[in-house]
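Chain letters run A, B, ... following the sequence lines, proteins first, then strands; residues in each count from 1. All values below come from the heavy atoms of this structure, side chains included, with hydrogens, waters and symmetry mates left out.
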Amino acid sequence: MTEPARAERFQQAVLPHLHAAYNLARWLCRNDHDAEDIVQEAYLRAFRFFDGFHGEDARAWLLAIVRNTSYTWLQQNRGHEPNTSFDEEFHSPQEGSVTLLNQADSNPEAILARDDDRALVNRALEMLPAEFREVLVLRELEDLSYKEISSVAGIPMGTVMSRLARARRLLGECLNRMGEESRNGVQRNQGTTAGPRR
Amino acid sequence: MECKETRELLPAHADRELGMGEVIEIDRHLAVCLACQGEFARQNALRAAVKKHATYFAAPAHLESRIQAALPRATARPEARAKWSWRWNWLNIGPVLASVFALVWSLGLYLALPSADDLLAEEVVSSHVRSLMVNHIADVASSDQHTVKPWFNGKLDFSPTVSDFTAQGFPLVGGRLDYLDHRPVAALVYRHREHLINEYIWPASDERETAVQTLSRHGYHLVRWTKSGMVYWVVSDLDPRELMTLVQIQRDHEGSPAEVPAPVKLDDPRTGRATQPNQFTH
């Protein structure tokens, strides 16, 4: 294949998935400017590896590259990851969270039937550890199948399912806690709420 | 299906990723289990919440043109183009090398294939070795060519030339039927000191004559030629030069104008003497 032909085929197959690429990068790095850099870098990488692409699912293929590029980028720029420490704290009380979960999510509809739902969900999703955030984004925003998520994230299908389940549980907890906070008038003081829970 | 199993599969159920069988089982359980129903509703609500409320970040309009500009294209700047075509040339090297390698490889395989002659040489050596091994060097043990030659009558569809070269140091030991090159052949056995020599004769497939050719296989020496429509293979552990002596004697003998074996026959002092082939050690 000549280079112009290759470039043209690349543009036809991969460029249409720009929004998906940006959405994933944006959710992983949580910053507009960085997301643009990541997506551009991912496209250059994708072009370099385009010979290894054999016309299967271009979107999943590109998203896998975007994901890897994002993580590489996050590693190199770990410095301005605002939620990392919170993620870990939030992440750790797995066993104890079951009871909390049960009371928390007895009425998720009630929590979600509010005016600032959008802000709440976005904020809760942003606070999830990246591995859970990415499966939710791929599943709910990109409508990828388990199989596609498995190939994008490089994890087995069974893990896709359990990770999605866990992600939803964590998201539910988070939404509930935020709901309580706003009810109690305690705004965005996650450090203190997360503390006593442990 | 129990609660535990159901709970494990609920996320996939909510995501409609389960097979029909599992869906039916889970629905059956959900119909009777309030706890699982609640969990299912919760998961669906969370799914819906993210779907409905989470922001889908669409790429800003300028990003596409920015990427287009960064990507190498047919209209790209010269230096960028040069860089990419260089890379592309190097990418080409792989397939080119692979093709060259494949070509060389298959040529090598083709050349390494044993030719018909090679196979025949192997066959001749095997037959020679076998004749020594099974103590069956001759079906007709006689140094008399007039005993040996007629013995082949009715056993072969051709009549081989049989001569005794005792005078030249290669007494005839006997004759035997053998099978080479997919046909019955005449095998004549000569002796030179303690070495036994097998000579195989059969009609050639065409009239082409071929010159004397020597080969070696597994320490045995072979001489082959085609003459007067007959194929000759001589094989022995004998020294190649001595073997060539026999070949030369034989070819001279056959090639002489007095092809009628009569005078030779009369020269033979040992007519009628039968030898015991098995007494020879290889």
Side-chain angles (χ1 to χ4, degrees), chain A residues 1-8 10-11 15 18-27 32 35-36 39-40 43-44 47-48 51 101-102 105-106 108-109 111-112 117-122 124-125 136-137 139-143 145-147 157 160-162 164-169 171-172 175, chain B residues 6-19 22 35 38-76 80-92 94-95:
Chain A
M1 197 178 4
T2 63
E3 194 210 311
R6 184 170 176 267
E8 195 178 328
F10 177 79
Q11 297 206 352
L15 225 49
L18 181 62
H19 290 309
Y22 182 79
N23 184 46
L24 178 62
R26 174 62 179 75
W27 270 110
D32 290 331
E36 285 187 31
V39 170
Q40 178 172 339
Y43 265 89
L44 291 177
F47 187 78
R48 220 173 303 148
D51 291 323
L101 175 83
N102 288 344
D105 298 307
S106 49
E109 295 89 343
I111 299 172
L112 293 167
D117 286 346
R118 176 164 289 273
L120 262 186
V121 170
N122 280 338
L125 194 52
L136 283 179
V137 167
R139 175 68 210 175
E140 313 299 7
L141 297 182
E142 291 301 337
D143 275 323
S145 67
Y146 281 16
K147 190 157 172 272
M157 301 257 283
V160 172
M161 180 178 78
S162 56
L164 270 171
R166 182 97 181 281
R168 287 182 188 134
R169 200 183 310 143
L171 191 74
L175 283 171
Chain B
T6 304
R7 291 293 169 100
E8 276 170 15
L9 291 175
L10 269 186
H13 190 41
D15 286 321
R16 311 209 189 297
E17 286 271 349
L18 290 179
E22 288 165 318
E39 172 66 19
F40 188 53
R42 190 187 67 89
Q43 292 202 13
N44 275 327
L46 280 165
R47 277 195 63 205
V50 175
K51 249 189 195 332
K52 185 171 168 198
H53 297 298
T55 303
Y56 189 103
F57 292 100
H62 63 264
L63 185 56
E64 179 168 347
S65 41
R66 187 179 144 186
I67 288 172
Q68 294 261 21
L71 281 176
R73 305 169 61 186
T75 54
R81 225 188 140 176
K83 183 178 157 224
W84 279 90
S85 55
W86 178 84
R87 187 193 296 280
W88 178 232
N89 282 340
W90 277 100
L91 287 177
N92 271 335

- Task: Against chain A, work out which of B:Leu10, B:Leu63, B:Leu9 has the most heavy-atom pairs shorter than 4.5 Å and name it.
- Result: B:Leu63

- For chain A, the option from B:Glu64, B:Arg7, B:Arg16 that forms the most heavy-atom pairs under 4.5 Å: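 Ranked by heavy-atom pairs under 4.5 Å with chain A, first place is B:Glu64.
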
- Message: Is any side-chain heavy atom of A:Leu125 closer than 4.5 Å to one of B:His53?
- Response: no

Any idea which heavy atoms bring [X] and [Y] closest together, and the distance?
X	Y	value
B:Ala12	A:Tyr146	CA-OH, 3.2 Å
B:Ala70	A:Gln40	CB-NE2, 3.3 Å
A:Trp27	B:Ala54	CZ2-CB, 4.3 Å

Given a strict heavy-atom distance threshold of 4.5 Å, which part of [X] is in contact with chain B: side chain, backbone, both, or neither?
X	value
A:Ala20	both
A:Leu18	both
A:Leu141	both

- Query: Just by distance, do the side chain of A:Asn23 and the backbone of B:Phe57 share a donor-acceptor pair under 3.5 Å?
  - Reply: yes

- Message: With chain B as the partner, which of A:Val160, A:Asn122, A:Asp143, A:Leu15 has the greatest number of non-hydrogen pairs under 4.5 Å?
- Response: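 Top count of heavy-atom pairs under 4.5 Å with chain B: A:Asn122.
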
- Message: Below 4.5 Å, heavy-atom pairs only: which of A:Met157, A:Glu142, A:His19 has the largest tally toward chain B?
- Response: A:His19

- Counting only heavy atoms not in B:Glu8, do more than 12 sit closer than 6.0 Å to its CD atom? yes

From [atom1] ([X]) to [atom2] ([Y]), nearest 0.5 Å:
X	Y	atom1	atom2	result
B:Asp15	A:Arg168	CG	CZ	4.0 Å
A:Gln11	B:Leu71	CD	CG	6.0 Å
A:Glu140	B:Lys51	CD	NZ	5.0 Å

- Where does B:Glu17 contact chain A at under 4.5 Å (heavy atoms): side chain, backbone, both or neither? side chain

